Amino acid sequence: MDNVILAVLAHPDDAEFLCAGTLIRLQREHGFQVHIASMTPGDCGSAEQLPEVISAVRRGEGAAAAAVIGGAYHCLEERDLLIVYGERALEKVTRLLRRVQPSIILTHSPSDYMLDHEQTSVIVRAAAFAAPIPNFLADRKLGKVLPHIPHLYYCDPIEGKDPLGREIPPGFCIDVSAVISTKAEMLAHHASQRDWLLKHHGMDQYLQAMKDSAAQRGKQAGVAYAEGFRQHLGHSYPQDNLLGKWLGALTL
Ligand SMILES: [Zn+2]
């Protein structure tokens, strides 16, 4: 459908870090129906709570964050550090795509700081290709095929760099200056992660970290806050910048 966007990212708070400003704008300015999916419930995101306990907390946080913009949260129930491109994950994401019928899909950069993100990226890329193919796992009734491959975009990698520390410049940026406080409000719903990030990543004030990276992209794009994206432009994927048409693409 024209006004449906789906973000499929690895962990429950990734969308709020990487692309929530864009989701907010599409919802507010163009009435988009927003879906946010995580591949896992974030079961390793605690040093104190058992996997099933922290998973339940984080599913709730993901749903609460999405609800800020009237969006739906989906958990695909893979497990942290175990996201792998393969039949099971591809079937799950394809099934979700056929249920949601998005015109635009957002996922992780193919190069990112951890393998869960990189594997999610290839799974989503493959699912976007599979979702319009009627014979793909036809015996499993994955749902109504998409009319065509949706527009696929990669968010910035974490800290804008690949695993070797090299900068990955965005293809274009979306101005999120006017919605940065709502983006922070969504991220703040992931309260369980503040303590975890402090302990494991040595990163306090995760709201500030999100704002800092959006400010860095904003500075490059000539606005206060921005989010960076690259479009998947391989053969058979849509070539026009639909996201840029909706929200205005800022080039660096
Ligand atoms: Zn993540």
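Whatever order the structure lists ligands and atoms in, that order sets their numbers, starting from 1. Small disclaimer: the values here were computed from a predicted structure and weren't measured.
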Response to the item:
So ring pair (Phe, Tyr, Trp, His ring centres under 6.0 Å) across residues 136-157, not counting sequence neighbours, yields Y153-F172, Y154-H232
Worksheet entry | Ion pair check, R25 and E227, cut-off under 4.0 Å | no
Worksheet item: Taking both backbone and side chain into account, is any N, O or S atom of H108 nearer than 2.8 Å to the Zn ion (ligand 1)?
Response: no
Worksheet entry | Name, closest N/O/S atom of H11 to the Zn ion (ligand 1) | ND1
Worksheet item: When you check the gap from the basic side-chain N to the acidic O, do E78 and R88 get nearer than 4.0 Å?
Response: yes
Worksheet item: Should the pair D43-R58 be classified as a salt bridge under the 4.0 Å nitrogen-to-oxygen rule?
Response: no
Worksheet item: Just wondering, is there an N, O or S atom on D116 that's nearer than 2.8 Å to the Zn ion (ligand 1)?
Response: no
